[in-house]
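A short worksheet on the structure shown next.
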Amino acid sequence: MAETVDDKVSYFQAITGISDPDLCTEILAAHNWDLQVAVSSITANPSSPSASASTSSREPAPSAPLEDAELVAPPPPMQPPAPQQQQPGIAWKLVTLPFYVISGGVGLVAGTFRLGAWVAGGVLSRSLSILGLAGQAGGDRLLELPPSAAEAADFVAEFEREFGAGRGPRFVAEGFADALQRAQREFKLLFVYLHSPDHPDTPAFCGGCLCAEPVAAFIDENFVSWGGSIRRTEGFKMSNSLNASRFPFCAVVMASTNQRIMLLQQVEGPKSPEEMITILQRVVEECATSLVAARIEAEERLNNQRLREEQDAAYRAALEADQARERERLQELERREREAAEAERKRKEEEEALVRAAQEAAEKEAALARRRHEKAMTLGAEPEKGPGVTQVLIRFPTGERKERRFHSSATITSLYDYVDSLDCLKAEKYSLVSNFPRVTYGPEKHSLTLEEAGLHPQASLFIEVEQ
């Protein structure tokens, strides 16, 4: 049973933000250890964490303001606690669960706290269901969280309206996590101001200290500034996370590893401009070495990354050049292979053409030889000289002359057969022509006898090759 009680007390503390275990035990006991009922009583009146004890017969005692909380003694076990800061309710408390905050000096940081992720409504509902709070009939609905950047912009606008535009530090109009990242990128510390509008020292502190020209100039030069009102969601969250117990409240933080931040300095209560500058100057001097080291490390990391990118680019360029050369080599090889194949094809075609031409020439020569032989056989023997014999002289285009005797009764065709039987003329189409008078003995005269053609007793003819 003791373990179950401790678990419920731990859950109740985590959800409501009430740090006093005795008070949590009293509230749970007043509600018969029903965790759902106890939490509902707190969230039903977020401005009064002690409202969960309202079911008891005791009336809550008057409490000190939030700003003086650190000066108030812990409440008696049987008395309701003093009113704390206004809490947005159970949804926001679940969001602040990932934050673990401790305080410490710059030289010896006692601990770190993890940056909590912004949790969507579905995740919150799942968290509530794990705690046994989801689906409770009549329970309060979870409110949608406003964007942190809008809250920061509203704070900046309200600060400028109240204390004058252009006065005070240049607070960034973005959420705490974004401001922390900005400080990390600029290698600066993050100056955090939590604004408590109801605290009596707030107007004097803001107008006389934060808005003092030396303080504002020093903060702007050495820090990234972020401010938030504890009346708003993120300001209230940071007041819980940073354990702000006295106002006015300022803090100096810096980013660490694994999404953690280091709380370097807390400035609580009213401070003069000189005191504020002295405190901040000490923090800057003690952190200067680490900031310079971080800047050098980031520059080295950037240079190494740039070098790797240049090496990668050079490697890619060399690889692309090698690939291009390889493609060109393959293309050249393919071109040469195509040219060689084309040359081989042409060579074979030429060889085949030569073979065919040789065959055709041989066939033609054989045909001519056969023709000459046939013509010679047709002519018969050359007759002896006599009255019925005609002497015919034929001149060839080469200048060669051939002479033969024919019977005067032989036809002009016999003259053509004689020319064809000789190996003196390669042309196939030609005509026998006489000079004086010029007479062409064409096909129409082939049937005439030599005597009829006027070539008896002798004739001189030349060959005219037809084009």
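What you see is a predicted model, and the numbers here were worked out from it, not measured in a lab.
Using a 4.5 Å heavy-atom cutoff, the side chains of Leu189 and Val253 are not in contact. Proximity of Arg282 to Gln265: side-chain heavy atoms (C-beta onward) are separated by under 4.5 Å at one or more points. Residues Val156 and Trp226 fail the side-chain proximity criterion, which asks for heavy atoms closer than 4.5 Å. With contacts defined as side-chain heavy-atom distances shorter than 4.5 Å, the pair Leu242/Phe249 qualifies. Glu234 places a side-chain heavy atom less than 4.5 Å from the side chain of Phe176. Annotation: side chain of Asp312 is in contact with side chain of Arg316 (closest heavy-atom distance under 4.5 Å). Contact check for Arg246 versus Pro270: side-chain heavy atoms found under the 4.5 Å cut-off. A heavy-atom distance below 4.5 Å is found between the side chains of Gln359 and Val355.
Under the side-chain contact (heavy atoms from CB on, under 4.5 Å) rule, Val284 has a single partner from Ile279, Leu291, Asn222, which is Asn222. Just one of Ser272, Pro273, Pro169 meets the side-chain contact (heavy atoms from CB on, under 4.5 Å) condition when paired with Val215; it is Pro273.
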inquiry  = Applying salt bridge (charged side-chain N to carboxylate O under 4.0 Å, His left out) to Asp420 and Arg372, what does each step give before you reach the verdict?
reply    = CA-CA 6 Å; Asp420 292 340; Arg372 287 192 299 268; over 6 Å; no
task = Start with the C-alpha gap between Glu332 and Arg336, add the side-chain angles, then the distance that decides, and say whether salt bridge (charged side-chain N to carboxylate O under 4.0 Å, His left out) holds.
result = CA-CA 6 Å; Glu332 180 66 18; Arg336 291 180 179 179; 3.1 Å; yes
request  = Dump the intermediate steps for side-chain contact (heavy atoms from CB on, under 4.5 Å) on Val9 and Trp33, then the final yes or no.
outcome  = CA-CA 9 Å; Val9 171; Trp33 295 96; 4.1 Å; yes
query = Should Glu466 and Ser431 be marked as a side chain to side chain donor-acceptor pair (under 3.5 Å) after you check the CA-CA gap, both sets of side-chain angles, and the distance that decides it?
reply = CA-CA 7 Å; Glu466 298 181 5; Ser431 298; 3.1 Å; yes
inquiry  = Between Cys287 and Leu264, does the side-chain contact (heavy atoms from CB on, under 4.5 Å) criterion hold? Intermediate values first, please.
reply    = CA-CA 9 Å; Cys287 292; Leu264 305 177; 3.6 Å; yes
task = Report the C-alpha separation of Ser148 and Glu174 in whole Å, then their side-chain angles, then the decisive distance to 0.1 Å, and conclude whether the side chain to side chain donor-acceptor pair (under 3.5 Å) test is met.
result = CA-CA 7 Å; Ser148 57; Glu174 55 193 20; over 6 Å; no
task = Could you walk me through whether His195 and Thr202 pass side-chain contact (heavy atoms from CB on, under 4.5 Å), step by step?
result = CA-CA 8 Å; His195 186 67; Thr202 295; 3.2 Å; yes
query = Could you go step by step and tell me if Lys237 and Asn240 meet the side-chain contact (heavy atoms from CB on, under 4.5 Å) rule?
reply = CA-CA 5 Å; Lys237 173 189 74 171; Asn240 284 342; 6.0 Å; no
inquiry  = What verdict does the salt bridge (charged side-chain N to carboxylate O under 4.0 Å, His left out) test give for Lys364 and Glu360, after you've listed the backbone C-alpha separation in whole Å, the side-chain angles of each residue and the deciding distance to 0.1 Å?
reply    = CA-CA 6 Å; Lys364 184 177 181 180; Glu360 292 175 356; over 6 Å; no
ask   = Could you go step by step and tell me if Arg338 and Glu342 meet the salt bridge (charged side-chain N to carboxylate O under 4.0 Å, His left out) rule?
value = CA-CA 6 Å; Arg338 288 194 302 270; Glu342 182 67 17; over 6 Å; no
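Between the CZ atom of Arg301 and the CD1 atom of Ile296 there is a distance of 12.5 Å, given to the nearest 0.5 Å. Atom CG of residue Leu425 and atom OG1 of residue Thr398 lie 8.5 Å apart, to the nearest 0.5 angstrom. Taking CZ from Phe191 and CZ from Phe218, the interatomic distance works out to 10.5 Å, rounded to the nearest 0.5 Å. Note that CD of Glu160 and CZ of Phe155 are 10.0 Å apart. Values are rounded to the nearest 0.5 Å. Note that OG1 of Thr233 is 4.0 Å distant from CD of Glu151, once rounded to the nearest 0.5 Å. Leu330 contributes atom CG, which lies 9.5 Å from atom CD of Glu337 (distance to the nearest 0.5 angstrom).
When every heavy atom of Gln266 is checked against every heavy atom of Asn243, the shortest pair comes out as NE2-O, 4.3 Å. Across every non-hydrogen atom of Ala251 and Leu263, the tightest pair is CB-CD1, 4.0 Å. Across all non-hydrogen atoms, the minimal contact from Gly207 to Arg167 is O-NH2, 3.4 Å. Among all heavy-atom pairs drawn from Leu180 and Ala255, the shortest one is CD1-N, 3.9 Å. Contact record, Pro214 with Ile277: CB-CD1, 3.7 Å, taken as the closest heavy-atom pair. The two residues Phe163 and Cys211 make their nearest non-hydrogen contact at CB-SG, 3.9 Å.
Applying the side-chain contact (heavy atoms from CB on, under 4.5 Å) test to Gln305 and every residue at least two apart in sequence or in another chain returns Leu302, Arg308, Glu309. The salt bridge (charged side-chain N to carboxylate O under 4.0 Å, His left out) search around Glu344 returns Arg347, not counting sequence neighbours.
Few gaps surround CZ on Arg371; more than 12 heavy atoms of other groups in view lie less than 6.0 Å from it.
Side-chain atoms of Gln281 and Glu285 include a donor-acceptor pair closer than 3.5 Å. Between Glu158 and Ser229, the side chains place no donor N or O within less than 3.5 Å of an acceptor N or O (distance only, hydrogens not considered). Asn303 and Arg306 are linked by a side-chain donor-acceptor pair at a separation below 3.5 angstrom, with hydrogens and angles left out of the test.
The aromatic rings of His199 and Phe247 sit tilted, their planes meeting at an angle between 30° and 60°. Between Tyr193 and Phe159, the ring planes lie perpendicular to each other; the angle is over 60°, past the 30° to 60° tilted range.
The backbone N or O of Glu268 sits less than 3.5 Å from a side-chain atom of Lys271, completing a donor-acceptor pair. Looking only at distances, no side-chain donor or acceptor of Ser239 sits under 3.5 Å from a matching main-chain atom of Ala244. Checking side-chain atoms of Lys8 against main-chain N and O of Leu28 turns up no donor-acceptor pair under 3.5 Å.
Salt bridge status for Arg345 with Glu349: present, with a side-chain N to carboxylate O gap under 4.0 Å. A salt bridge does not link Lys348 to Glu352: none of the charged side-chain nitrogens sits closer than 4.0 Å to a carboxylate oxygen.
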